[in-house]
Each structure stands twice: as structure tokens, then as C-alpha cells.
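Everything below concerns the one structure shown next.
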Amino acid sequence: MISGFELFNKRIGVGEPVHGGDPVLAQSITETATITLQHHQDFFALQFVALNYLHPEKNQYQYRLEGFNKDWITADPHTRKATYTNLDPGRYTFRVRASNNDRTWNEVGAAVAIVVEPPFWKSELAFVLYVILLVAILIAARKVLLLRERANVRLQQERAEAQRMHELDLMKIRFFTNVSHEFRTPLALILAPMEKLTQLADHTHARQFQLIQRNARRLLNLVNQLLDFRKLETQGIPYYPAAGDLVQFVRETTYSFSDLSEKNDIHLSFFTTLERLDTLFDPDKLEKILFNLLSNAFKFTPEHGRISVRLDHAPGADDAKPGVRICVEDTGIGIPVEKQGRIFERFFQHDLPTGMINQGSGIGLAITREFVKVHGGTIGVESEPEKGSRFTILLPLQPIPQAGTAAPVPFPLAATAPVAIPIPQSQSAVAVTPRDSRKPLLLLVEDNHDFRFYLQDNLREEYTVLEAPNGTEGWRLAIETIPDLIVSDVMMPGLSGTDLCRRLKGDERTSHIPVVLLTARSSEEQKREGYDTGANDYVVKPFSVEILQSRLRNILRQQEATRKSFQQYLAVKGSAVTITPLDEKLISKAVAMVEANLEDADFSVEALSHELGMSRIHLYRKISSLTGKTPVEFIRSIRLQHAAQLLEKSQLTISEIAYRVGFNNPKYFTRQFKDTYHVLPSEYAMRGVKKDTPFGGGSFAHGVS
């Protein structure tokens, strides 16, 4: 009963395009089984009509789009049209049925298939491409992850290898550092005797000795350079400025190469426009800077060449502060342009012309640059092959932080003095020179047999020398003998010098003994470590024995001054003084013990040593060393001091005072009092001695002697 369909898009018929696109139907819609629409053809209408001409106005229509509508929709009998918009891509079936004027429905009706094509990006081909692309991405991602993982593994391997190489380098540097420390002792045994031989020898032999001395100093400088490199690698370079005349310092350092200049027939000169320049700089590091530059200049400058050092002001550019410029110039072989930028790298060495051997280590200029940086300066090089090189150092001027125009602080120049060469002999592990009571007893603790013999041979004229080959034996001998001085090496197997010093200073029996440490460790941190243990002095190898002897004399003078201060302390009531050092605590405790047993005539040295927890011999050595008195004299002086106070303040008789301060015999008391105060007790009481005199004795009080 349905005649067919008509497809509309604002009324579109057979063969007409939808939305101005390609024709939708190739033939009549009544003969079309399937209508195919593109995804953008999203608005269309279908019109239908029934072939019933008997009361057609009473015909009714129902339609539905399977896949879109579930129920039948009653259409308007006048328009007979179904309109759809925005259908999703897919396959649909449009069905329509009609009824006549008798309300009889045609159940078969008419149908047409409608296919809405998806856009390209939703098509099956697109999804296939998507899958392919996703698989490709996953494969690529996997490859990237694998590559990244391999790169991480390689990086970890490289890091592990770098760490291993770094540890190997550190192990090598530690080894060479330890060896370098060991070099200092034999160098000290070479340099110190050679200085004396050079002064005592005739002209012919003196030149030979100077040759030995010069090369020993060069070896010492190389050892120091290696130690500096070790510090540069591990803990950085500290800066220790000192005030001084920079012009004089550079001039003296330059002229120290005059013998090398004469030997190699190289003209050495120093030029400056300044007569004097007082400033702050690190003399040790500046000396090494100049030494490295001049050493390289002499090494690479042939005979009949010229080397010059210039020093002048360097005006600051813009806001830069004015400074000083130091130039070291030579007429040597020069440096190729392409290698000039690398000469300050560590271990860099360039090939030399035929016939020349580079004996350097490749660290000298690297250390030089670091030392210049420590001063806040810069270093540069200008060079031309076969014509020479010029190194220019620019240092900022650092004013001396002192008020007024004070004179510069002098530099501690290395003092050298003649010493005797020891002749090694067989010797026991522990030896001592014959004891002379007029000489101080010195304990020498040194594990190197030759060096110990050398020191003993040079110190025995002024001291009775007791020797120990290690720290443990040194500790035993110190306890047994209580020497006046102890000189100890630092680096020893077992008990080191610093541990020995710490143990000595922490024991009441030996805390008063001055300790001088000898070591090849020259850094400021290591010196502070030595002083922190309580050492009285710190001497760096190699050193002049004359300098060591001078320091030992100074320490003995200080000990004598300390002893006098303790004697004065005995004149003051112990309970009235607050003290903390270990030796003063011992004296304070001893004074308190004697005062507590003042009336006990039987209180003896044995009782005092028992109360103090010390043996009689240790008490004797300790009291004698600190006060210059024997323990008997120490006890008697305190008794007499209290007697003097009682004579001045009380109305007691002389006999009563004698018994009260521990004297059983008044006559003996009178004799001892007169020997000490040079007046009889009765005269002392009558003259009214003032309280603020050392022993309450006025002009008659001469102290405890």
C-alpha cells in the first residue's frame, strides 16, 4: 500500500546532492535498497505516501528507524515525512507502514537501509592504522627504554670506572705522600750536616758540597710540591697572609737562583720600579710560585740565554683595585700556541725538541695557578716557539691591617747553621749519655736510628740525652725518669708522637714536662693538631739543629719562669686562689694537705705522697721540677709561712707557735725561721710585718729559697 519514499534535504529528489555534495541516489528511491550517507550529511528527511485514493485524507502513517527508534512514531498525515539529524555512523533500517480509512494497517509496509559512513579517523582503516601506530609507538618506546637502560648501565659502568680510577689515584697519591713524608727525614740528615760542611770546607770542596746541597734542596722542593698537590686534591689550599716587603721578598727569591744562573751561563736579572711595597701575602706560597716559574725558565732556556723578573704596579681597570704585576720572562724554547691553554692543567706535558728531556711531573704549573688564585690573583702566559715565554702574575694589593705606619712583620726565613756530621755506630734500642747533674735530662723519642743518633750527637753537649726508639718505650722512660725535656717524632709505629704527648700531658706525674714534636707534616692544620695535644713546640723537618737548640733553651727559660711563679704561689694561702691547670691543681692539693696536717709533727713526705697517690720518687721529681724545692723543703716552707702569719697576728708565744705549725723543738723552729726570713721570730713579731708582702715579712721577707 506504500508507493515508495522520497529523500529530502530541504526537498531533495532522485539524483540531487545532499548539502551540495555528491548525488546521494543513483536511481529512484523506490528502486533503491540502501542509502549511503557521508558523516557530514547529517540532516535528511524521508517522505512517504500510500496508494489509496479512497478518502486519502484518512490514511495514517507510522515509522521507525531501527537502530535509532524502539517504538513506532505516528507521522503527520498531511506532511507524511520523517526527519533525522546528527545520526551516529552506523547501519540503520527505516520502516514505514500505513492504514486506510478503515483503520486497517499494512503490517509489511516498506523499508530502506540507511548507512551513515563514519569519518576517516573513525573508519576501520583508521583503527587499523591506529593499532599499527600504537604498536609502533610501543616498539619504539621499548627500544628507547632499552637504549636508555643501556645508557644508564654504561653511565654506571663509567661512573664505577671513574670512581675506581679516582680511588686508585687517591691510593697512589697517598702512597707518594707517605713516601714524601719519609723523604723528609733523610733530607734533614743530608741538608743539616751539609750546611756545616759547606761553611767549614775550603773553596774546592765547598763547591762540591754546594752542589749536593742545591740538589738536596731541589729534591725537598719536589717533595713539598707533591705534598701541596695532595692537599690540593683533598682539603683545598689554606691562605696564611703575613705582612712584609714584597719587593725585597721577590728580589731575594730571584737571586737565590744566581748559582744556577752562573752554572748554566744564563743571565738572570731583576727589575722593579718600586723601592719598597709593604703588603699582605702568603710567603710560603709566593715563594713556591716564583720557584716553579724560575725552575721552568732555567729548565727550558739554553746556555747564553736570559731570564728576567719584573715587578711593578698594575693599575686597576674600571672598578678593579690596583695591584702588583710580576713577570717572569725567558728566552727559552717557547710553547706552541695550541698548547698554551693547557699548560696549567694537571699532569700536562708537551713534547720537547730533540735532545731535551722533560724531567717535570706536570703538576708544578697547576699548583702555581692554584696558589695565585689563593692570593685572589690571575696568571697568564705569552709565548712564541724558539723565542721564549713570559708568565704574568697579577695580584691585588692587600693593605696591612695596622694603625699608623708600623714596620712590616719580618718573614720567618729558613735559618741554616753549621752542624756536625754524625758517624753512625752500633747502638742499643735505648741509650743514654752519662748523666751530668748540671745538665738537663732530655728524652729523645725517634724511630729512625740515624736521625736519633744525629740529634743525640748534637744535643749531648748541653743535655744528658736519654733515647727511646718508639712511643711506648718513650712513655715508659718518661714515667721512670721524669726528664726535663722530651723531643719526639710524630709519625712512629704503635704509639705516635701526638698520642704520646697527649698521654704525657694528661698524667699528673708528667704533665709539667715540656714536649717538642718533630714531624715532616708541615700544614697549619697538622701543626694545630700537635699544639692541641699540649705540645710546647712543633718543629718541621728538615730543620737546623741550631734552631732546635735555641727553641729548647727558650722552653727551659720558660720552665724556670714557671717554677718561680709556683714559688710565689706558695706564699699565698692555697684556699684563697682558684686554679685549673693540672700542675697547679697538684700544687694546690699538696698545699691543702700540708695545711690540713699543719699541727701534726709526724706528717712526712711519705704521708704526703700517699695522700696524693704518687710514689715518693715521683713526688720528689714533680715537686722539684715545679717549685725548685724538695718535698721536705716544700712542707717546711708552708709551716714557716703560717708561723710568720701567727707571729704577726696572734699573741701566742714562739714555743706555742712552733708547736702549732708542727715543730716539736722550738730551738729547731727558731733556727729554720731565721734561715728563711733572716731574722729571729721574736724580731719578726716586734717589727710588725705587713700582710701584703710575699711572706708577711716586710723588707725582711725574701721568699722561700
Side-chain angles (χ1 to χ4, degrees), residues 5-10 12-27 29 31-46 63-73 81-96 109-173 233-234 338 341-342 345-348:
F5 303 103
E6 289 185 358
L7 180 62
F8 287 88
N9 183 14
K10 298 181 181 178
I12 297 177
V14 178
E16 295 184 7
V18 177
H19 283 226
D22 297 333
V24 177
L25 303 178
Q27 56 188 1
I29 192 172
E31 299 177 0
T32 300
T34 302
I35 301 173
T36 302
L37 302 175
Q38 300 300 319
H39 71 280
H40 60 273
Q41 295 172 328
D42 56 353
F43 179 79
F44 65 91
L46 294 170
Y63 65 89
R64 68 178 179 183
L65 184 63
E66 294 179 354
F68 183 77
N69 301 123
K70 293 182 179 180
D71 301 323
W72 291 94
I73 300 174
K81 183 169 63 174
T83 303
Y84 293 96
T85 60
N86 297 326
L87 286 180
D88 293 331
R91 190 175 186 85
Y92 305 91
T93 301
F94 182 78
R95 297 185 182 278
V96 62
V112 62
I114 299 176
V115 178
V116 180
E117 295 287 350
F120 175 76
W121 57 87
K122 292 185 178 180
S123 63
E124 293 181 357
L125 178 61
F127 282 107
V128 172
L129 294 177
Y130 294 156
V131 172
I132 295 174
L133 181 60
L134 179 61
V135 172
I137 291 175
L138 292 176
I139 294 174
R142 184 175 182 274
K143 289 184 177 180
V144 169
L145 291 176
L146 290 176
L147 291 175
R148 184 176 299 175
E149 191 66 24
R150 293 192 187 101
N152 289 335
V153 171
R154 284 196 300 269
L155 181 60
Q156 292 177 359
Q157 291 175 345
E158 291 173 358
R159 288 178 177 174
E161 180 66 16
Q163 180 66 21
R164 190 183 70 83
M165 294 301 297
H166 179 66
E167 292 175 355
L168 182 61
D169 289 341
L170 290 179
M171 184 174 64
K172 292 178 180 178
I173 292 175
E233 286 286 319
T234 57
E338 66 275 9
R342 300 188 58 196
E345 296 178 4
R346 301 174 188 176
F347 307 113
F348 175 76

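Every residue two or more places apart in sequence or in another chain that forms a side-chain contact (heavy atoms from CB on, under 4.5 Å) with I137 is listed here: L133. In this view, P89 and P118, P119 satisfy the side-chain contact (heavy atoms from CB on, under 4.5 Å) rule, not counting sequence neighbours. For W72, there are no ring pair (Phe, Tyr, Trp, His ring centres under 6.0 Å) partners, not counting sequence neighbours. In terms of the side-chain contact (heavy atoms from CB on, under 4.5 Å) criterion, residue partners of L134 (sequence neighbours excluded) are, by chain and number, L138. Annotation: side-chain contact (heavy atoms from CB on, under 4.5 Å) contacts of E167 (sequence neighbours excluded): Q163. E66 is linked by a side chain to side chain donor-acceptor pair (under 3.5 Å) to R95, counting only residues two or more places apart in sequence or in another chain.
Pairs engaging residues 83-93 under the side-chain hydrogen bond (donor to acceptor under 3.5 Å, both in side chains) rule: N69-Y84 [sequence neighbours left out].
Shortest non-hydrogen contact noted between T34 and V112 is N-CG2, 4.4 Å.
Note that CZ of F94 is 5.0 Å distant from CG of L46, once rounded to the nearest 0.5 Å. Taken from NE2 in H39 to CD in E117, the straight-line distance is 11.0 Å, to the nearest 0.5 Å. Summarising the geometry, atom CG belonging to L37 is positioned 8.5 Å from atom CG belonging to L87; distances are rounded to the nearest 0.5 Å.
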Side-chain donor/acceptor pairs under 3.5 Å, residues 141-159, sequence neighbours excluded:
from : atom 1 : to   : atom 2 : distance (Å)
N152 : ND2    : R148 : O      : 3.3

Ignoring hydrogens and angles, write down the donor-acceptor pairs under 3.5 Å from the side chains of residues 120-128, residues two or more places apart or on other chains.
from : atom 1 : to   : atom 2 : distance (Å)
S123 : OG     : F120 : O      : 2.6
S123 : OG     : A126 : N      : 3.2

With side-chain contact (heavy atoms from CB on, under 4.5 Å) as the criterion, how do I114 and F44 come out once you've worked through the C-alpha distance, each side chain's angles and the decisive distance to 0.1 Å? CA-CA 11 Å; I114 299 176; F44 65 91; 4.0 Å; yes
